[in-house]
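Labels below follow one simple rule: chain letters A, B, ... track the order of the sequence lines, proteins then strands, and each chain is numbered from 1.
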Amino acid sequence: MKKMRTLFLPILVILALVISGCAVSPGSGSGNGSKKQTVKIAFIGPLTGGNSRIGLGGRNSARLAVYDANHNKNNKYHYELVEYDDENTTQAGNQVALKASSDPSVIGGIAHYGSVVALATVDTYHKAGFPTMIWGAVHPDITLGNDYKEIFRVPGTQIDQNKQAAEFVTKLGFKKVGVLYDTTDYGRGHFKYFKENLQKLGGQIVAEMPVQPDQQDLNAELTKIQAKKPDLIWFAGLAPEGVRVKKQMDAMNIKTQFMGVSGLVNEEYNSALGAEGSEGSLAIIDGAPTSSLPGGEKFMKDYKARKYSEAPEAYGPFAYVSTDLMIQAIEKVGPDRKKVTNWLDTKVKNIDSMIGKVTFNEHGQNDMPLFTPMVSQDGKWVPYAESEYQTGKRKLPGKK
Amino acid sequence: MNKLIVLLSETVLFALLILFLIAESVSITILFIVAGFLCAAAVLIFPKKAERIIKPFAKERRTAIIFSMILMAILPFFFTTQPYWLLTLSLAGIYIMLANGLNMQTGTTGLTNFSGAAFFGTGAYTTGLLSVHLGLPGWLTIPAGMFASVLIGAILFFPVLKVKGHYLALVTIAFGLMFNIMLNNTDAIGGPQGISGVKAFAIGGFDFSGMWAIGPFIFSSYANNYWLTLLAAILALAFTRYIYNSPVGLILNYVRDDEWSSKSQGLNISYWKLIAFCCGNALIGLGGALYAHMIGYVAPDLFSFQTSLLLLSMVLLGGMDSIPGVTVAAFVMIVLTEKLRVIQDYRFLIFGLLVIIMIIFRKEGLIPSRVRPYFPKLKSVLMKR
Amino acid sequence: MEDINLQVNAGDFIGLIGPNGSGKTTLLNIITGMYTPSSGDIIFNRTPIGQAEPHEIARLGIARTFQHIRLCNELSALDNIIIGYFGRSRFSIRHLFFQGKKVRQKQLADAEKAVAFVRFFSEELVDRLFDKVKDLPYIDRRRIEICRALVTEPKILLLDEPTAGMNPEETMEVIDDIIKIRESYQDMAIIMIEHDMDVIHKISNRVVCLNYGKKIAEGTFAEVANNQEVQSAYLGGETIA
Amino acid sequence: MDMIGQQLMNAVMLGTMYSLVAIGFSLFFGTMNVIHFSHGDISMLGAFIALFFVPIITQYSVLGSVIMFIGAIVIVAVLGIFLSGLVIQPLQSSPQLYTLLATLEAGLVIREAIRLFYPGGKMSQKFPIIFPSGGFSIGGLTIRFDQLFILAIGVAVFVATVLIVNKTSLGMAIRAYSQDKEASMMMGVSESKVIAVTFALGSALAAIAGILHGTYYREVIYTMGLTSGIIGFSAATIGGLGSIWGAIVGGYLFAFIQTSVSAFVPGGSEYRDVIAFGVMILFLLFRPTGILGERQSERV
């Protein structure tokens, strides 16, 4: 009898839990009044951790695209953005990729900022037949290294970016380049293609220094590079490290021209260096600054109106366009993964978007990538073509 | 009667687990967590009453273990459409192996190992490389991964046998960092991009990446991998338990607690430390090998200091030298962090605070290790007198 | 330490005395290999063991106890004794890992023997064999330590102040235990460090006195007690007996 | 030639930063036999607390800098005492692993707290330049004024620390405590006082290291503590845990190895940590007590 009583307690607890659980769950459902069928789209990116600024910027832009779509009266469906955090790690990336792609109610995904994460998950998307737009990862292999029909990418690859970067550098007359790059996939990838393209154009790498991304002291490396007297110090890595390099260059009184990759172009670089420190730094970005994009002004206005607490950052526009394209596809062929994949695969030719025309090639890679060289002027990143450096009013430190 | 209690309470626990996993809504998750905390608190406050529920388990150990295995084995039937949770549970299984391997080193033998992730990586990379470049089958690559992990561990550990305490901690920290840097910088093994396209495990013509069905239930590769991991985890746990209850476990405990008196009992402590390190690494390597086959992709980012710290926290939270404790801790930490993506950015902060609080107020961990009964028969004989 | 020349024969009971810091414990540590002698050697059964590792020496049949009891407090009392069997190579590694029925039975027999050892000392302690060592009273812990040293029936037993930190009654109990050991194992040599001269007088057949790391006297209790040097070592010349 | 000189200068500067952190490790280990793993993060905290004083600096320049230094040092010293009471003293009687892990996690908590709660804490922060810029050249070797200032402060701090520990009565108490806990307490040394002074002193050194790091590199970021903590620990170990001069020597040695690998081994800069840590492991094998550590024998 006593034993029966001990059993009684857990059963009571379970009953209570189940009842309360049932009571809670219907309330949490979306009670949206629209009669349209709801279609889910996944957004996957680093929402926490060191890269969360860019991840949150991308997410906000994707939210904006969904918001716009839902306020378009002509649309047949109501869209819902399901957000997943990949923490920019392969393990979490795999988990959320599976979570998104295994949920049949999710039609497509806007995924990943980190290239390694994207490389780790493309198999999962392919297996699930899950149409995926890569919004921020730039490693070429993500689209070009496989035959997966489901993977698309609007931003250009590291190959394209560095081809243009090399051309830009050569055009400005920099011949001898000293290189620092971080040993992540990002830095290494950029360096590989930059070197290839620069050498094709007759440039010369006088020193190459790989550094750990968390290395604080770069004096030894910079001293060594400076001893080779380069025209330009080129750095491949993200903004915090870029800040470190530039700060230490300043401290060492190295006046050589400094140039970075797309990861450098954000507010952090300018705010940490101050207008004086960042003045004249060069970089090249995918697409163009939001303001000079075809639909940039409207995007910025809408973005501000939604009062997101984080800036869109460099890849926000791509996340917006990716989401928008996904929605267009669903509008055209309905919420069916296979049809959406097919549509994206075959029909995206010269489609107008806020970043200009988008065309997917046979790998699902946007064939018309747009790149803009940028220069930091008065504490702001501006397109080089529109800057006072172009007009000759100011002069780059190392320019001949 | 005891049997009934065991069967019933296990079924209930199992049902709760499935409900917990399926529940999407945040409020239910939190409800579950609060309930879990309350239960844990109740066990701590009323140990006598809790003993009454635990006792049937001790008496009907065989039934309890077999039935829980059956329950875990039928779990994929509930998740045919949600392979995500199967992946997460498989990961939890792998972490159970890793944490138990580390427990054998740190908990049982007192060897502070801050490079668990490095040996995890050794197993995963070896398996991945052999599978991708040589196309070896899984039943060869998995033992190879284990072996590599043991070998690398022994090579590192053999010279530092004489180094103790803080110094051993520092050596392993340094080794873990060096390992991660080397993975990132060596292009031959993929550099920062790691190795992709590791084949799924396959045996006797059955490919674990394939789908199959029983009636209306369709099982994906994740279910297959889940079973594989479950099997491996059960074997690993059986192995650790066997070691723990064998004279070897006693000897390792002795080496941990008092080196001098172990020496005076004729124990070659260097030898036994090496044995413990290798056994632990075999489990860690096994986890790595299974991970490589399951995910199909191995990259350096996972094998970092952060992961080593996570593994050590599992051992510490669960209870040093306590196999059930470490197992529960590994399981809860993996599943709960998945469930608690809501708190997002504050995860690490909360986590760190939790570990500190635990260390200060309950050093022995979640489920403290008990005095081990080496000679239960003898005990009953003695107690009768 | 220098100039120590000590011969121990089977069946000897040597009382090792000397003032604090005279090197008694150090001598035991050197014999058991915990410190390595810089010169000289220790010969055991015609084997030199001066440079050997502690565990090798232990396996040859030299067992010891420690001045401050060294047991594993988290383990049960019985396990602390059993380790003596496992350590001193009664089992090969294979048997420690893979226990067949036979090995298991042998271990059980050993365990029963260990219990018999404990019963030999104290009947009450048998009931507490499965408790954690740290919960036992001090004297019982000392007994456990002695049992651990005794279980494999060593050739030489080294006792480092077994009565340290005990009240007179407990001291008497321990000494009785040691006398029991003496009587049961006639072939075993025992070296015991002890401060209480009555005790030394009672049980040792030979006494060695150390001072400043040197042996200053050796012989029967009476011989040593009357030695001038010994007397001056103890409290500047007062007689000790 | 001037290349070597310049790199030597780089190594000296780096070594000064490392040594300041390493001394703390040595001090804590020597006194209380603990490894305080959040020490690196304390130094990061010092730099971020100094940032609070930035508005003053621009107003009063030199005076402001002094106030910033002293303010940050005092606050961090108090926090250090607080932290020791929270995570180190309760664990004194338990195995080393617990202290190690508790302090590691404490470091993680400090790091995460800065990342989450400091305004814009995810980004690198601009650190004010408080020493005069510019410099001079001697035979092709360029020496900057800020380097000289940092070096001078570093050396002054080294000397001051050694003096405090060796010459003052507080230092005597610390040394007595580290040699024999029970005996020193019988002699009237107050345990809580010794612990408080040790942690205040060590944390103050960490704060100085953090601020100097900030002024030298001109930016600080929340992740800087982890690396400097591990390197400081390694440096203290190479030098011999417990010895203050050892920690200083170890810090410079570690910096020297890293810099020379970066500077003179082709393609070596990505392996500089690998080589530095490898050397450290070898050191531990052949001389487990470090360069200046005392050879201790264990009491049986």
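Lys224(A) and Val265(D) make their closest contact through NZ-O, 3.9 Å (heavy atoms, listed as atom of the first residue, atom of the second, distance). Looking at every heavy atom in both residues, Asp217(A) comes nearest to Arg272(D) through O-NH2, 3.2 Å. Residues Ala220(A) and Thr259(D) share a closest heavy-atom pair of CB-CG2, 3.7 Å. Thr227(D) and Asp214(A) get closest at one heavy-atom pair: OG1-O, 4.0 Å. The shortest non-hydrogen separation linking Met3(D) to Ala227(A) is SD-CB, 3.8 Å.
Taking chain D as the reference chain and counting heavy-atom pairs below 4.5 Å, the highest number among Ala251(A), Ser52(A), Ala207(A), Pro240(A) is found for Ala251(A). Of the listed residues Gln125(D), Gln147(D), Arg115(D), Gln258(D), the one with more heavy-atom pairs under 4.5 angstrom with chain A than any other is Arg115(D).
Annotation for Tyr193(A): atom OH counts as buried by contact number, over 12 foreign heavy atoms lying within 6.0 Å.
Rounded to the nearest 0.5 Å, atoms CD (Gln216(A)) and OH (Tyr217(D)) are 7.5 Å apart. Rounding to the nearest 0.5 Å places CE of Met13(D) at 8.5 Å from CG of Asn219(A). Considering NZ of Lys126(D) and CG of Asn270(A), their distance stands at 11.0 Å, rounded to 0.5 Å. Atom CZ of Arg218(D) and atom CG of Asp250(A) lie 6.5 Å apart (nearest 0.5 Å).
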Next item on the list: Decide side-chain contact (heavy atoms from CB on, under 4.5 Å) for Met123(D) and Glu267(A); before the verdict, give the C-alpha distance in whole Å, the side-chain angles of both, and the deciding distance to 0.1 Å.
Entry: CA-CA 10 Å; Met123(D) 301 188 275; Glu267(A) 283 307 304; 5.7 Å; no
Next item on the list: List the steps and the verdict of salt bridge (charged side-chain N to carboxylate O under 4.0 Å, His left out) for Glu310(A) and Lys122(D).
Entry: CA-CA 13 Å; Glu310(A) 301 89 5; Lys122(D) 286 173 193 168; over 6 Å; no
Margin query: Please evaluate residues Glu270(D) and Arg188(A) with respect to the criterion salt bridge (charged side-chain N to carboxylate O under 4.0 Å, His left out), reporting the C-alpha separation (whole Å), side-chain torsions for both, the decisive distance (0.1 Å), and the verdict.
Written below: CA-CA 12 Å; Glu270(D) 62 187 320; Arg188(A) 277 169 181 275; 2.6 Å; yes
Item checked: Arg244(A)/Ser124(D) under side-chain contact (heavy atoms from CB on, under 4.5 Å): CA gap, chis, key distance, verdict -> CA-CA 8 Å; Arg244(A) 210 171 292 153; Ser124(D) 44; over 6 Å; no
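A distance-only check finds no donor-acceptor pair linking the side chain of Glu219(D) to the backbone of Lys247(A) [under 3.5 Å]. Judged by distance alone, with hydrogens and angles left aside, the side-chain atoms of Ser269(D) form a donor-acceptor pair with the main-chain N or O of Pro210(A) at under 3.5 Å.
Using a 4.5 Å cut-off between heavy atoms, Asn266(A) does not touch chain D at all. Contacts between Glu268(A) and chain D at a heavy-atom distance below 4.5 Å involve backbone atoms as well as side-chain atoms. Residue contact with chain A, scored on non-hydrogen atoms closer than 4.5 Å, involves the backbone and the side chain of Tyr216(D) alike. In this structure, no portion of Glu208(A) lies under 4.5 Å from any heavy atom of chain D.
Asn253(A) has its side chain out of reach of Thr142(D): every pair of non-hydrogen atoms, C-beta onward, lies at least 4.5 Å apart.
The closest side-chain donor-acceptor pair between Glu221(A) and Ser262(D) falls under 3.5 angstrom.
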